Amino acid sequence: MGTRKELLILGLLCVLEKCVSDCPLGFILQRGKCIDNDECVENPDPCGKHTKCFNTNGSFYCQCLEGYKSIGGAVNFTGLSGQCQDVNECHIPNICGDGANCTNVIGSYRCTCHPGYKEDPSFPVGCVDINECTQAETRGEHICGEKGTCKNAIGSYWCKCQKGFTNYGNERTPCSPLDCNNFNADSAPTQSLGGLADILSMMRNSCLALSDPTTASPGKADGEALLEKLFTATDVILSPDHLDSSEDVSGLLETLENSIRVIGPQLKRNYTKIETNKTDAEITVQRGKSRPTGPIHLSNGNASLDTDWLTAAGTGLYPGFAMAALLSYKNLEKSVNSSFEEIPGLQKDGVDPSLQIFSRVVSVVVSNPSTQNLSSPVNITLRHLGKEETSEVSYVCAYWNERGAWSTDGCYQQHSNTTHTVCTCEHLSSFAVLMARYPMKHTFGLILMTKIGLTISLLCLILCILTFKFCRSIQGTRTTIHLHLCICLFMADLIFLAGISQTKPVVCFCKFVAAMLHLFFLGVFTWMLLEGVQLYRMVVLVFNVTIRPLYLYLTGYGVPLVILIISAMIRPEGYGTDEHCWLSLNDGLIWSFFGPVCLIIILNVFFFIVTVWKLAQKFTSLNPDLSKLHKIRAFTVTAIAQMCILGLMWVFGAFLFEEGPMVVAYIFTILNSLQGALVFIMHCLLSKQVRDEYAHFLSCICTPQKKRYSDFSSTNPSSSQSQASRSGHNTGESQI
Ligand SMILES: *[C@@H]1O[C@H](CO)[C@@H](O)[C@H](O)[C@H]1NC(C)=O
Ligand SMILES: *[C@@H]1O[C@H](CO)[C@@H](O)[C@H](O)[C@H]1NC(C)=O
Ligand SMILES: *[C@@H]1O[C@H](CO)[C@@H](O)[C@H](O)[C@H]1NC(C)=O
Ligand SMILES: *[C@@H]1O[C@H](CO)[C@@H](O)[C@H](O)[C@H]1NC(C)=O
Ligand SMILES: *[C@@H]1O[C@H](CO)[C@@H](O)[C@H](O)[C@H]1NC(C)=O
Ligand SMILES: *[C@@H]1O[C@H](CO)[C@@H](O)[C@H](O)[C@H]1NC(C)=O
Ligand SMILES: *[C@@H]1O[C@H](CO)[C@@H](O)[C@H](O)[C@H]1NC(C)=O
Ligand SMILES: *[C@@H]1O[C@H](CO)[C@@H](O)[C@H](O)[C@H]1NC(C)=O
Ligand SMILES: *[C@@H]1O[C@H](CO)[C@@H](O)[C@H](O)[C@H]1NC(C)=O
Ligand SMILES: CC(=O)N[C@H]1CO[C@H](CO)[C@@H](O)[C@@H]1O
């Protein structure tokens, strides 16, 4: 009932039954009688929302539902005079008791027990403390570890550990054994490393306090402060920028790793980062009843660690926490740059590379006590310290072993690019990337160039030797010197071509090649010195400029031989290296070559300066013998040019053997291989006298009936024993 239509019908009925006039308010006429009208079933509800309606005889009243209150505050009301609103029961003090939070809901409230409390069965709302200790006991659990005593507290519990055990200041962590003997200040490296003793005694005190039930009190451990102290002390040790011995390094690394293993579980936050002047550390800790899972990624700009919590926590007894830490040392690479153990598989073409540290040294520490047997390998990414290398290198992942040296077993290089190397290691300690640098290999291009150039040189030198030997018009001391210079150069080039790389079959052969190269290259320079001396004599002493050949031989071959014999006696092992059949560069033997060469170049420069000066004087003198002077000038220019080429070549050579850049290698190779050709051009082709001889000789061959070979050069009437006395009116034209 209640729609307009129905009311209309009802009204009509009323009119018909005369009800309007007869019944009082609250009653209706029904079959002639006035009866109570039930307002509570009327629509719309006369009381409103969240109410209960009570019908009375002739009237009604309303009350709010439980959990609601009318705005006016009245309990009984009628009509819409007092609407009902939700009551926030949580404002009522202590409605849920101490062990719970109250949550208001519309028309009601809820009590949520705090952890450590449970709903009180004897009381409808409110929570009571759980006795975790008895609870665990009935389940047969050791929530405080086997050696810990559980103590119940209101809303919580804490573990009291026996001596030698600790829960690292976290009262609800089970007690695990703590061995403080790792921090024994009497161990060997502390004698030389003063600062280490301080760290050890600090850590030992802290460790003993942790594992002693009389001093260890819940919540008192301050891992953060201890960590800072540890790294401040480490900075002191590392600040001289160099630790002297690998025992010191081992001692320091081991102490730091042990310290972090003790400090880590005491840290309050689950992630701690600390950076000091010499170290960087990232430590992550997880606590809880169950073993943590998931990946771990720790990183600083120069190193990062990727592993997972399963590896960090280990598969053994779970102590209630797990920790992983990455320490990186900013300067330690200098102290450990030379302690390398033999690393297998690094040899390339029988050559051992030189090794150097090429990343920061990092230590990885986890709470898992069996770091030598990880459940899965960890990935360590290390940034390279230096720039990209131009020569041939490879990167090696290594760890600092218990013997105090770098070795590689169990650590593999996963991949490298120019800036980073990713290492995968099956055990933990301290790591670094080593760079293995191979001695520069002559590339195919260089080898080919050398071979072609040297072959051309050898041919040219043969021509020179024949020319100097048989060309009668130019015979004399100078030509003798040229001849022997060419012979030395020829021998040196021949041996160089054949033997420089023959390091393999027999070591003795290589030594012999090196010795012969030493001898003949020195010979080239001594003969060049003689040339300087001869020029000087030609200008300064006007007569008797021939030198007896015996003296020439004694100087030209004797001096190199003496040097060779002395050096070979002092350093026989320096002849022939693994890479070249040449003098070893490491023990100073190379100076038995570069020393004399430098001396000769200095002497020759002196001779040439005096020669040029005297020449200039003579040109300006009153009565100059112009043709002779022109000739000497040409000789001088040739000699200087020759010295420049030879000297320059060995300047580059010196750089080359110190592993210089590629362009030096090319310049050396070009100069070395084309020397013979240059000598031929300078002394033969540019000399008019020799050119004439060649032309004559060629015409003799082409028309053999005219002249015989034995007449070679005999047509030159002016040829004589002494070139100085010869009237070489046309040789003056030969220029460089
Ligand atoms: C509300 O009405 C009921 C029924 O008439 C009565 O028993 C009760 O006492 C009344 N309450 C108040 C606070 O007036
Ligand atoms: C109880 O309330 C406090 C404050 O609002 C809150 O920090 C805490 O997490 C709550 N506890 C529970 C069990 O809901
Ligand atoms: C540390 O704990 C917080 C909150 O429990 C979490 O969000 C964060 O990821 C944790 N950090 C690490 C490194 O585990
Ligand atoms: C770090 O080095 C700077 C400059 O050498 C120095 O001033 C500072 O005190 C050092 N800090 C620490 C913690 O040793
Ligand atoms: C990485 O190491 C280099 C050289 O030691 C240093 O200059 C740089 O600041 C380091 N980067 C970070 C992010 O620590
Ligand atoms: C280490 O790297 C390898 C190859 O990228 C990957 O398969 C492995 O899951 C990584 N390990 C961890 C612990 O990140
Ligand atoms: C290690 O030593 C080599 C030479 O022995 C040197 O070239 C290199 O720069 C050194 N590296 C570091 C990090 O000190
Ligand atoms: C390493 O662990 C495996 C099983 O995970 C075990 O068989 C092996 O004996 C352990 N090795 C060492 C040295 O602990
Ligand atoms: C090199 O590898 C590292 C780590 O894998 C990566 O972060 C970096 O971007 C790479 N650099 C280049 C130049 O590829
Ligand atoms: C059931 C009941 O009490 N009915 C009474 C309602 O009120 C009228 C008038 O006040 C009485 O006559 C009824 O007896």
Side-chain angles (χ1 to χ4, degrees), residues 227 231 234-235 237-243 249 253 256 271-286 291-315 322-337 356-368 370-390 393-399 408-435:
L227 189 67
F231 281 118
T234 307
D235 269 16
I237 297 182
L238 289 175
S239 52
D241 273 356
H242 197 273
L243 298 184
V249 174
L253 291 177
L256 284 177
Y271 177 76
T272 306
K273 183 177 172 71
I274 182 168
E275 180 172 2
T276 64
N277 281 353
K278 302 288 171 201
T279 45
D280 254 330
E282 283 81 34
I283 305 172
T284 180
V285 187
Q286 294 272 304
R291 245 170 240 277
T293 52
I296 301 178
H297 175 78
L298 291 178
S299 106
N300 60 49
N302 286 302
S304 64
L305 166 73
D306 283 284
T307 177
D308 52 53
W309 282 109
L310 232 53
T311 310
T315 48
M323 178 203 61
L326 175 70
L327 317 184
S328 93
Y329 312 97
K330 293 186 185 170
N331 273 319
L332 204 56
E333 57 268 10
K334 295 200 184 82
S335 314
V336 291
N337 200 3
Q356 74 173 76
I357 306 292
F358 208 53
S359 76
R360 281 206 178 156
V361 178
V362 300
S363 294
V364 177
V365 184
V366 292
S367 49
N368 181 357
S370 76
T371 52
Q372 299 310 306
N373 202 9
L374 299 175
S375 54
S376 63
V378 300
N379 290 348
I380 302 160
T381 307
L382 292 165
R383 200 174 72 88
H384 295 169
L385 275 186
K387 285 204 295 288
E388 188 189 347
E389 288 285 320
T390 45
V393 296
S394 65
Y395 301 106
V396 184
C397 293
Y399 72 98
T408 54
D409 20 272
C411 252
Y412 312 99
Q413 175 226 23
Q414 204 178 74
H415 63 84
S416 292
N417 57 26
T418 53
T419 55
H420 292 80
T421 292
V422 181
C423 298
T424 295
C425 293
E426 288 166 353
H427 51 77
L428 297 181
S429 67
S430 297
F431 304 95
V433 169
L434 313 185
M435 182 176 71

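For the numbers below, each heavy atom of this structure counts, side chains included, while hydrogens, waters and symmetry mates do not. Ligands are counted one by one from 1 in listed order, and the atoms in each one are counted from 1 as well. Here the structure is a predicted model, which means the values were calculated and not measured.
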Are L305 and N379 close enough, and set up right, to give a side-chain contact (heavy atoms from CB on, under 4.5 Å), and what steps lead you there?
-> CA-CA 6 Å; L305 166 73; N379 290 348; over 6 Å; no

Please assess T311 against S376 for the test side-chain hydrogen bond (donor to acceptor under 3.5 Å, both in side chains), listing each intermediate value before the final yes or no.
-> CA-CA 6 Å; T311 310; S376 63; 3.0 Å; yes

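Checked against a 3.5 angstrom limit, the closest N/O atoms of R360 and ligand 5 fall inside it. The shortest N or O to N or O distance between D308 and ligand 6 is not under 3.5 Å. The distance criterion of under 3.5 Å between nitrogen or oxygen atoms is not met by T381 with respect to ligand 9.
The nearest heavy-atom contact from the protein to atom 1 (C) of ligand 6 is N379 ND2, 1.4 Å. If you check which protein heavy atom lies closest to atom 11 (N) of ligand 9, you get N417 ND2, 2.9 Å. Closest protein heavy atom to atom 12 (C) of ligand 5: N302 ND2, 3.5 Å. In terms of protein heavy-atom proximity, atom 5 (O) of ligand 9 is nearest to H415 CE1, 3.7 Å.
The contact set between ligand 5 and G301, taken as ligand atoms under 4.0 Å from a residue heavy atom, comprises 12 (C), 13 (C). Set against the non-hydrogen atoms of R383, the atoms of ligand 5 under 4.0 Å away are 1 (C), 2 (O), 3 (C).
The only member of V364, L326, L327 that meets side chain to side chain contact (heavy atoms under 4.5 Å, CB included) when paired with L298 is L326.
For atom 9 (O) of ligand 5, no protein heavy-atom neighbour is found at a distance under 4.0 Å. Shown here, atom 14 (O) of ligand 5 is in close reach of the protein: a heavy atom of it lies under 4.0 Å off.
Using a 4.0 Å cutoff on heavy atoms, V378 does not count as a contact of ligand 6.
Taken together, C397 and C411 fail the criterion of an SG-SG distance shorter than 2.5 Å.
Using bins of under 30°, 30° to 60° and over 60° for the plane-to-plane angle, the ring pair F358/H384 lands in the tilted bin.
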